[in-house]
Student: 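Quick one: the structure is below, and I'll ask about it shortly.
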Amino acid sequence: MALTVLFILLFICLFLGVPVAVSLGLSSLAYIMIAGLPDVLLIHRMISGIDSFPLLAIPFFILAGHLMNTGGITTKIFAFARALVGWLPGGLGHVNVGASVVFAGMSGAAVADAGGLGNIEIKAMRDSGYDTDFAVGVTAASSTIGPIIPPSLPLVIYGVMASASIGELFIAGLVPGLLMAVSLMLMVAWYAKKRNYPRDRHIDYGYIWKTLKEAILPLLTPIIIVGGIAGGIFTPTEAAVAAVCYALFLGLVVYRSLTWKHLIRVSIDTIETSASILMIVASAAVFAWILAANQVAGLLGDALLGIADNKYILLLIMMAITLLIGLFMETIAAITILVPVLLPIAISAGIDPVHLGILLILNLMLGLLTPPVGMVLFVLSEVSGVQFERCVKATIPFLIPLLIVLLLITFVPEVALWLPTAFYR
Amino acid sequence: MMTNSPEQDRISAMIDEVEEITDDISDVKIFDIPVLIIFAILFLIVATQFFTRYVLNDSLGWTEEIARYFLILLGFVGGITCVRKGSHIFLEFAYGFLPLKTIKPTILLVEIVVVGFWSYAGWLAIELAQKTNSNMVSIALPKAYLYYVVVVGCFLMALFAVHKLICEARKSADQVAREKRRNTNEGG
């Protein structure tokens with residue numbers, strides 16, 4: 001009874017557009033009252049839900065990502081990516097994917113990648129004679145690499161909710177992220193051949209060297225973050241702080257492009273994003289605690305196991321549920337609701353939590369590329385002036401390579417797991 | 001070919017135009033100062049911990065605990081800024097197809113729910129603070145202090161939501177619906 005109220009109230013609130021944090025908190029509060037528990041549990045669980053050292057990585061990765069958007073860093077990376085792969089057939093398409101990979105190593109959010117880099121990429125491709133649809137599709141699809149390659153905000157949230165090692169999750173995302181990039185580049189190559197897209201002249205080592213020299217300092221950021229975590233030098237939180245310090249060093253000392261006003265602007269933006277995420281995580285902690293106390297996952301798990309006793313079929317069902325939720329729900333909210341339900345089932349079926357994490361995030365990224373709430377598409381439509389419906393259509397073909405990678409990781413867990421196994425276990 | 005081709009120059013120029021973060025801080029209000037200070041202190045604490053661990057090889061014991069408390073404050077005090085600017089995360093797909101007439105009542109209802117929730121949460125936080133008589137682990141301060149800041153955060157979130165409720169209520173139903181639809185289409 002109390003649980004039914006919890007779920008119905010939650011979905012009504014979410015549907016009406018009540019902020020996710022309040023929706024989760026209010027429905028949990030209703031459960032607590034009906035079940036006759038002391039109400040003060042609500043605020044106590046909310047506070048202890050964000051009383052977590054790993055969560056500290058969130059504001060600092062956001063801050064580092066924002067700071068990396070100053071001082072012409074975007075320009076330098078785009079120029080370097082262009083020198084490196086622009087001469088391939090369909091050159092700017094490859095540049096697009098390559099620049100997204102580099103940016104993925106600096107910032108942890110797909111939407112931010114689409115907003116900053118996407119604008120430049122789409123303009124450059126249109127001006128060089130590419131179809132707008134192709135430009136939008138590649139940009140949208142490649143921005144989803146961001147949260148798979150470390151650092152990644154969704155993976156931090158998943159790690160905290162699932163009590164999984166964030167370091168392992170980060171390292172596990174590396175190979176799948178690169179696979180996404182390769183699959184998208186194959187798609188670009190195929191289109192380029194079919195439509196005879198232009199390429200930049202021949203490979204020009206002098207120009208590569210010149211752009212590399214300009215881009216080398218920002219390019220070190222992903223190496224510091226990923227290398228530091230993989231090498232066991234940094235915890236993810238420390239890596240985030242190191243990235244902020246490095247970005248400040250670049251902005252204040254090397255490029256001298258940061259002013260006090262910039263710092264305040266960036267801080268306020270970071271605070272807003274962080275606080276809205278933290279409030280969701282706080283309320284989700286109450287929600288997750290209620291689900292765990294009632295063994296909701298156990299009930300659903302029994303039902304699922306009744307249909308399928310095979311681990312892979314179970315995974316496919318879970319992926320289908322995630323995909324469905326991802327169509328309607330924002331990433332962070334979806335993670336906080338899905339993890340307490342799916343994780344216990346996965347563990348009892350012998351699925352590695354790190355494996356599940358990568359699958360879950362990749363799956364939810366596809367939701368960012370599909371209506372009704374494809375955030376990446378909204379942002380791209382806004383920055384490029386291309387109609388939303390057209391963005392949707394343009395992106396559909398590029399879902400295919402991403403889906404293939406998703407299936408590959410589903411059935412071959414080693415793709416995600418061999419690196420963390422090699423480094424940590 | 002060490003020189004840039006004209007095309008490369010053109011693209012660089014174009015990229016410079018779309019540059020990057022602005023230094024426009026006109027939307028930063030006096031209410032944001034406390035959370036800016038919290039954020040700055042949080043950064044300094046974590047950076048100190050980082051520095052002492054790597055450079056002095058001896059991390060300061062209190063930094064981890066206090067950093068976690070400041071993270072809690074960042075959430076609850078930063079939440080005030082989010083309410084003021086409407087940047088709490090919510091799902092907006094319903095506004096795309098709800099009948100125009102129902103949008104204003106829905107938004108008012110949502111704001112009332114928000115006001116109610118944060119007021120009650122603030123009330124509960126007072127109860128929690130009063131029941132807590134332990135000190136923080138690493139420094140001799142009552143942990144209740146932390147909870148009292150949460151109390152203030154919750155009540156101010158409720159207060160700003162009241163302000164928003166009044167603002168929305170004063171607008172015509174058409175205007176509210178139009179703003180909402182536009183935001184939804186832009187993914188705002």
Side-chain angles (χ1 to χ4, degrees), chain A residues 14-22 25-26 39-40 42-44 47 50-53 55-56 59 66 69-70 74-75 78-79 119-120 123-124 204 206-207 210 238 241 259 261-262 264-268 271-272 274-276 278-280 282 328-330 332-333 372-373 375 378-379 382 388, chain B residues 1-2 5 8 11-12 14-16 18-25 28 32 35-36 39-40 42-43 46-47 50 64 67-69 71-72 74-75 78-79 81-82 85 87-96 106 109-110 113-114 117-118 120-121 124-125 127-128 131 147 150 185-187:
Chain A
L14 287 174
F15 178 79
L16 290 180
V18 176
V20 176
V22 175
L26 187 72
D39 314 1
V40 74
L42 174 85
I43 195 78
H44 186 243
I47 294 173
I50 52 173
D51 185 358
S52 146
F53 197 71
L55 269 183
L56 274 167
H66 279 313
N69 256 342
T70 58
T74 323
T75 324
F78 187 77
N119 193 3
I120 300 169
K123 272 192 182 177
D204 177 349
Y207 190 60
K210 181 171 170 280
E238 289 166 344
V241 175
T259 62
K261 279 186 168 179
H262 279 125
I264 291 177
R265 171 79 270 149
V266 163
S267 301
I268 279 286
I271 289 165
E272 267 183 58
S274 310
S276 59
L278 286 170
M279 286 291 95
I280 293 181
F328 297 98
M329 213 174 265
E330 187 273 339
I332 307 290
V373 275
M375 277 307 291
F378 281 132
V379 171
E382 194 175 341
F388 179 71
Chain B
M1 284 213 301
M2 288 294 284
S5 70
Q8 279 156 356
I11 287 186
S12 313
M14 187 184 70
I15 291 168
D16 288 337
V18 293
E19 274 302 81
E20 303 186 345
I21 59 167
T22 66
D23 57 357
D24 176 11
I25 51 172
V28 179
D32 299 326
V35 74
L36 277 169
F39 187 58
L42 175 63
F43 177 69
V46 183
F50 187 72
E64 187 189 319
R68 282 188 282 115
Y69 293 160
L71 184 71
I72 294 169
L74 182 69
T81 302
C82 294
K85 295 169 74 174
S87 51
H88 271 296
I89 298 168
F90 62 95
L91 311 186
E92 44 196 85
F93 66 96
Y95 296 116
T106 309
L109 177 71
V110 167
V113 168
V114 172
F117 179 76
W118 290 120
Y120 197 68
L124 292 177
E127 193 184 330
L128 180 65
K131 281 185 182 164
Y147 297 148
V150 172
N185 288 336
E186 284 173 1

Student: Not counting sequence neighbours, which residues clear ring-ring contact (aromatic ring centres under 6.0 Å, His included) with B:Tyr69? List them please.
Tutor: none
Student: Using side-chain heavy atoms (C-beta onward) and a distance below 4.5 Å, is B:Leu42 in contact with A:Leu56?
Tutor: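 Side-chain contact under 4.5 Å: yes.
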Student: Which bit of A:Met329 comes within less than 4.5 Å of chain B, counting heavy atoms only: side chain, backbone, both or neither?
Tutor: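 Its backbone and side chain both get close to chain B.
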Student: Quick check on A:Ser267 against chain B: is it the side chain, the backbone, both or neither that has a heavy atom closer than 4.5 Å?
Tutor: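 Looking at A:Ser267, backbone and side chain both touch chain B.
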Student: Measure the shortest side-chain to side-chain distance between A:Ser276 and B:Ser87 over non-hydrogen atoms and say whether it is less than 4.5 angstrom.
Tutor: no
Student: Can you check side chain to side chain contact (heavy atoms under 4.5 Å, CB included) on B:Phe39 and A:Ile268, steps first, answer last?
Tutor: CA-CA 9 Å; B:Phe39 187 58; A:Ile268 279 286; over 6 Å; no
Student: Are any non-hydrogen side-chain atoms of B:Phe90 and A:Leu16 less than 4.5 angstrom apart?
Tutor: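 No - every pair of side-chain heavy atoms lies 4.5 Å or more apart.
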Student: For the atom pair OG (A:Ser274) and CG (B:Leu71), what is the distance rounded to the nearest 0.5 Å?
Tutor: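 Answer for the OG-CG pair, A:Ser274 versus B:Leu71, is 8.5 Å.
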Student: Of all the heavy-atom pairs spanning A:Pro19 and B:Val110, show the shortest one and how long it is.
Tutor: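 Nearest heavy atoms, A:Pro19 then B:Val110: CD-CG1, 4.1 Å.
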Student: What part of A:Ile50 gets closer than 4.5 Å to chain B, counting heavy atoms only: side chain, backbone, both or neither?
Tutor: both
Student: Can you name the closest pair of heavy atoms from B:Glu64 and A:Phe53 and give their distance?
Tutor: CG-CD1, 3.3 Å
Student: Relative to chain A, which segment of B:Tyr120 carries a heavy atom at a distance below 4.5 Å: side chain, backbone, both, or neither?
Tutor: side chain
Student: For A:Ala275 and B:Gly79, which heavy atoms make the closest approach, and how far apart are they?
Tutor: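 The pair with the smallest heavy-atom distance is CB-N, 3.6 Å.
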Student: Is it the backbone or the side chain of B:Val35 that comes under 4.5 Å from a heavy atom of chain A, or both, or neither?
Tutor: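 The answer is both parts of B:Val35.
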Student: Under 4.5 Å, counting heavy-atom pairs only, tell me which of B:Leu109, B:Leu36, B:Val113 racks up the most with chain A.
Tutor: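 Ranked by heavy-atom pairs under 4.5 Å with chain A, first place is B:Leu36.
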Student: Could you check whether atom NE2 of B:His88 has more than 12 heavy atoms from other residues, nucleotides or ligands sitting under 6.0 Å from it?
Tutor: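 Result for NE2/B:His88: enclosed.
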Student: B:Lys131: which residues meet the salt bridge (charged side-chain N to carboxylate O under 4.0 Å, His left out) condition with it, sequence neighbours left out?
Tutor: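 Here the qualifying residues are B:Glu127.
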Student: Does any non-hydrogen side-chain atom of B:Leu128 lie less than 4.5 Å from one of A:Ile47?
Tutor: yes
Student: Heavy atoms only, distances under 4.5 angstrom: which of B:Val114, B:Leu74, B:Thr106, B:Thr81 has the most pairs with chain A? Name it, please.
Tutor: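 Going by pairs under 4.5 Å, I would pick B:Leu74.
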Student: Quick check for you: among A:Asp51, A:Ile264, A:Leu26, which has the greatest number of heavy-atom pairs under 4.5 Å with chain B?
Tutor: A:Asp51
Student: Relative to chain B, which of A:Ile280, A:Leu42, A:Ile332, A:Val20 shows the most heavy atom pairs under 4.5 Å?
Tutor: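 Option with the top pair count is A:Val20.
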Student: Would you name the heavy atoms of A:Val241 and B:Ala47 that are closest together and state the gap between them?
Tutor: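 Closest pair (atom of A:Val241, atom of B:Ala47, distance): CG1-CA, 4.1 Å.
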